[in-house]
Amino acid sequence: MSETTPAAETAAPHRYTAQLAAEIEGRWQDFWDTHGTFAAPNPSGDLDADPDLAARPKKFIMDMFPYPSGAGLHVGHPLGYIATDVYARYQRMTGHNVLHTLGFDAFGLPAEQYAVQTGTHPRVSTEANIVTMRAQLRRLGLGHDKRRSFATIDPDYYRWTQWIFLQIYDSWYDKAADRARPIADLVAQFADGTRATPDGRPWAELTPAEQSDVLGTHRLAYAAESPVNWCPGLGTVLANEEVTAEGRSERGNYPVFKANLRQWMMRITAYADRLLADLDALDWPEAIKLQQRNWIGRSEGARVDFPVHTVDGAPGEHAVTVFTTRQDTLFGATYMVLAPEHDLVDAIVPAGWPAGIPEVWTGGHATPAAAVAAYRKQAASKSDVERQAEAKDKTGVFTGAYAVNPVTGEPVPVFIADYVLMGYGTGAIMAVPAHDSRDFAFARAFELPMRCVVRPTDGRGEDPATWDDAFASYDAEIVNSANDTVSLNGLGVTEAKTAITAWLTERDIGHGTVNYRLRDWLFSRQRYWGEPFPIVYDEDGVPHALPDSMLPVELPEVDDYSPRTFDPDDADTSPETPLSRNADWVTVELDLGDGPRTYRRETNTMPNWAGSCWYELRYLDPFNSQALVDPAVESYWMGPREGQPAGGVDLYVGGAEHAVLHLLYARFWHKVLYDLGHISSFEPFHKLYNQGMIQAYVYRDARGIAVPAAEVTEDGAGTYHYQGEKVSRLLGKMGKSLKNAVTPDEICAEYGADTLRLYEMAMGPLDVSRPWDTRAVVGQYRLLQRLWRNVVDETTGEVTVSDAEPDEQTLRALHKAIDGVRGDLADLRFNTAIAKITELNNHLTKSGAPVPRAVAEQLVLLIAPLAPHIAEELWSRLGHPTSVAHADFPVADPELAQDPAVTCVVQVKGKVKARLEVPPAIADADLEALALADPAVVTALGGAAVRKVIVRAPKLVNIVV
RNA sequence: GCCCCGGUAGCCCAGCGGAAGAGGCAGUGCUCUCAAACAGCAUCCAGCGUGGGUUCGAAUCCCACCCGGGGUACCA
């Protein structure tokens with residue numbers, strides 16, 4: 001955009017230019033800060049300031065916690081922040097006490113990696129980034145309650161993160177009560193014998209270490225040896241949720257390996273059912289609910305024991321338990337598969353191959369043990385990518401052992417194969433090749449028998465030998481499924497499941513069960529830049545929780561905070577925690593109640609999800625030093641109420657990429673705190689909204705390298721050039737590396753923050769992704785210029801509004817706009833709200849006359865949530881001494897919002913033949929008579945008999961002949 | 001493979017059972033200007049991805065398919 005020339009400035013010295021916008025915006029931002037315009041009062045406590053405001057209905061509006069990136073913001077980042085700000089401002093103007101603020105999620109890998117790259121201490125670089133980001137966001141005019149902003153790295157904040165960890169650590173899940181309870185209750189049960197210890201000895205006879213181990217199997221936060229995702233390239237272990245389907249780290253895209261390590265875990269699985277069930281009460285996008293449901297992966301089925309005998313051993317020596325959702329097909333189970341890592345494999349492998357087995361079963365090995373060892377080695381060396389790529393080609397090997405199908409009594413061979421996963425169900429399956437496509441593929445590859453036990457409904461016949469794939473439908477009848485004591489023949493799938501489950505239960509062979517895909521949450525990381533655990537170990541290695549008085553456990557200053565990383569492909573490495581290098585800090589003398597003793601600190605740190613698991617609660621009461629949140633304050637802002645049975649934040653806006661990770665973890669912590677009586681809501685976020693992405697064109701040269709988008713030229717024929725060379729164009733993400741980033745700072749400088757806000761909101765619906773187009777920004781700038789001109793004389797700077805009464809047409813346009821804008825803003829349809837404001841403003845511009853004051857003021861109020869700076873300025877120039885932020889939003893007069901006459905379309909056989917101007921309240925009968933009497937209609941009918949008349953007063957009459 | 005979301009003027013998008021268009025960008029012409037930019041005024045532009053169906057009537061509802069985006073993936 002070109003500079004305003006001196007000539008133009010002379011002609012219109014008071015025009016709304018970027019310079020004027022910048023001046024106005026800076027001035028009002030200062031005003032808001034000075035006057036605490038957006039400070040939301042609490043009903044009690046140290047933020048209790050304004051009882052009148054606190055008496056209003058509340059709205060708690062939140063954005064997802066950003067991490068303060070060192071790279072700076074591009075225009076895509078603030079999209080959600082602007083949207084929540086517009087919504088919050090609208091709610092504030094419609095009589096609500098609105099809490100809206102923004103803090104920073106400043107621990108974790110991104111902040112640490114940035115710090116490592118730039119060679120500065122994470123705290124220094126992170127705090128500098130926060131300062132930069134705060135300045136960038138301030139420029140947008142966001143109405144945040146800045147008193148309530150904090151960062152997760154503030155010791156005052158992570159003191160409570162640690163406190164919550166201890167609450168979780170000191171809790172267990174009481175299945176009978178279906179809630180978490182203090183671990184002390186469990187200790188009491190063990191102590192008084194209500195609950196037996198695992199080995200039956202009295203509780204008091206267990207050593208402290210043994211007691212600690214027993215409690216560890218119940219605690220909601222526990223340390224355990226388990227197979228975890230070890231990422232040498234990052235030097236840390238990762239949660240399942242942080243590993244992509246390709247078996248790489250979500251951050252950095254490094255290979256991830258399975259390793260058995262002692263790590264902290266969170267028993268989120270205890271909450272699987274509630275996390276699933278409570279989704280129903282939430283106002284979330286269905287897609288996100290679906291992703292959470294899939295992640296939790298509840299499936300109903302049965303566990304069935306298959307006795308296994310080896311050729312050498314006695315029958316029934318071992319039993320392999322399988323999990324199946326198709327217990328109705330048990331008669332069709334013709335072989336079994338164990339995961340290669342299954343711990344029963346070694347116990348059942350015989351010394352030699354049984355006689356007469358097909359050659360493919362042995363994998364060419366001389367003994368079962370050799371075959372198993374070779375297959376295990378091969379399976380372990382395969383990356384998940386390879387495993388996935390080869391998913392269609394089933395591999396495996398016979399263990400040499402046979403199990404007994406408990407309903408048919410037939411021996412079934414037991415295989416190991418990597419298509420059965422150790423981590424799901426029991427790590428063992430019964431294979432029903434006729435009715436499961438994976439088993440079918442395996443059976444074909446290994447010449448295994450199939451038995452049809454569900455009659456196909458697609459006419460393929462009952463001989464699986466002739467089939468191309470398994471028949472897996474549920475909507476069919478069971479056949480070939482009977483023994484001496486039970487018959488499923490003729491039953492449907494559902495009835496058969498019930499019947500066979502009852503039969504299995506009666507004989508103690510199996511039972512109905514529910515299985516979850518969800519696993520416990522790996523909670524420790526080998527990082528410096530995270531919350532330290534408030535845990536120390538004594539000389540016996542028994543963990544001890546630190547008392548409240550010793551919190552926070554602050555991160556020590558260290559010289560070397562870098563993670564120890566390794567060759568990304570070297571699986572034979574193990575993590576080293578940066579904190580362990582600091583002996584002075586690790587070894588500590590404490591008095592935990594039995595005199596001063598020497599302890600060793602936990603040197604893992606918490607994952608970056610920890611700080612974002614509960615921040616919504618701290619916004620409510622950020623300075624409380626006695627509790628994480630005052631219960632009265634929590635209940636005021638988040639408590640359950642009409643339409644929000646679980647309570648929670650009224651509106652939570654953020655990207656869909658957090659569908660599982662953050663949202664699941666935060667819900668889990670919230671429920672624990674609820675169970676322990678600290679809060680009254682049992683869901684953190686009532687309404688969730690996912691904003692779309694702002695995309696941008698990526699231009700690449702012949703080598704495929706991105707070229708600066710700003711310097712690409714377009715010719716008429718839709719081809720693009722950079723420095724004379726043809727380049728390709730593709731819609732993608734916006735970012736520095738793609739050389740297509742546009743920053744809010746440059747748009748603000750060019751047009752002002754109000755224009756940027758309007759443009760981002762006008763581009764399209766909030767939840768849809770759309771491409772950024774810098775050229776189009778000027779449209780919103782023009783709107784603001786016209787608005788300005790409708791109130792202020794560009795030459796003199798005088799307010800030009802008249803005291804005349806508005807004419808009827810203008811009044812109607814105004815009330816129609818008010819009516820529409822209210823609905824649109826309340827429903828986050830900012831794009832259409834802006835269109836309606838533009839329409840009204842254009843109407844006033846076209847009329848040419850000075851705008852009546854009454855109309856100008858209402859117009860300013862209408863646009864105030866969207867373009868708050870210009871609204872404040874005009875509001876002030878119109879003579880109002882107070883901020884527009886708490887002014888009342890206009891209310892439409894329903895009479896005026898409706899047109900006095902509407903055009904009614906008269907159709908004959910669906911074709912428009914006449915138009916009538918009728919009052920909107922006209923009765924159906926009157927309208928029909930009017931239509932039938934219309935000369936054009938009479939002509940069109942040509943005397944034909946009228947069969948039917950459809951009347952949709954007042955807009956349409958359709959005559960069928 | 002499966003599951004979501006979306007395909008309406010050159011572009012971004014309204015309309016979501018009843019005359020295809022709310023708003024914006026770009027284009028074109030004109031006004032202002034010495035000229036240009038800015039600004040203003042006017043104007044051009046689609047038959048709603050494709051094919052079926054339901055209906056008096058479909059961009060809107062249903063089915064199938066195509067294209068684009070996202071998610072997920074041997075979960076027994």
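Throughout, protein chains are lettered first and strands after them, A, B, ... in sequence-line order, and every chain is numbered starting at 1.
For the pair A/Asp469 CG and B/C74 P, the computed distance is 17 Å after rounding to whole Å. One atom, OH of A/Tyr697, and another, C1' of B/C12, lie 9 Å apart when rounded to the nearest Å. Between the CD1 atom of A/Ile834 and the C1' atom of B/C13 there is a distance of 12 Å, given to the nearest Å.
Of all nucleotides listed (B/G18, B/A14, B/C13), B/A14 comes nearest to the side chain of A/Thr832. Nearest to the side-chain atoms of A/Ala835 among the listed nucleotides B/A39, B/G23, B/G18 stands B/G23. Closest to the side chain of A/Pro771, from the set B/C12, B/A39, B/A14, is B/C12. When distances are taken from the side chain of A/Pro765 to each of B/A76, B/C74, B/A14, the shortest belongs to B/A14. Across B/G57, B/C13, B/A76, the shortest atom-to-atom separation from the side chain of A/Asn831 is found for B/C13. Here the side chain of A/Arg770 is nearest to one of B/G18, B/C12, B/C41, namely B/C12.
Base pairing annotation: B/G68 forms a Watson-Crick or G-U wobble pair with B/C5, both donor-acceptor distances under 3.5 Å. Remark: B/A39 base-pairs with B/U31. Criterion, Watson-Crick or G-U wobble with two distances under 3.5 Å.
Nucleic acid contact for A/Glu286: none, since no nucleic acid atom lies under 4.0 Å from a heavy atom of the residue. Heavy atoms of A/Leu290 sit under 4.0 angstrom from primed sugar atoms or phosphate atoms, though from no base atom. Residue contacts for A/Thr845: at a heavy-atom cut-off of 4.0 Å it reaches the sugar-phosphate backbone alone, with no base atom in range.
Each of A/Ala428 and A/Asn294 was assigned the nucleotide of RNA chain B with the nearest heavy atom; the assignment lying further toward the 5' end belongs to A/Asn294. With RNA chain B read from its 5' end, the first of the two nearest nucleotides for A/Asp436 and A/Glu839 is the one closest to A/Glu839.
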Test log, rule ring pair (Phe, Tyr, Trp, His ring centres under 6.0 Å), inputs A/Trp295 and A/Tyr516: CA-CA 9 Å; A/Trp295 190 264; A/Tyr516 295 93; over 10 Å; no
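Atom name P, nucleotides B/A59 and B/G53: the rounded distance is 15 Å, in whole Å. Taking atom P on both B/G15 and B/G7, the two are 11 Å apart, rounded to the nearest angstrom.
Remark: aromatic rings of A/Tyr335 and A/Phe446 are distant, center separation not under 6.0 Å.
Close to B/A39, at under 4.0 Å from its OP1 or OP2, lies a side-chain N or O of A/Gln785.
Taking the side-chain contact (heavy atoms from CB on, under 4.5 Å) definition, one finds that A/Glu928 meets it with A/Leu932, A/Val949, A/Val951, sequence neighbours left out. Residues meeting the salt bridge (Lys or Arg N to Asp or Glu O under 4.0 Å) test with A/Asp469, sequence neighbours left out: none.
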Contact state string [nucleotides 24-32 of chain B, B base, S sugar-phosphate only, - no protein heavy atom under 4.0 Å]: SSS------
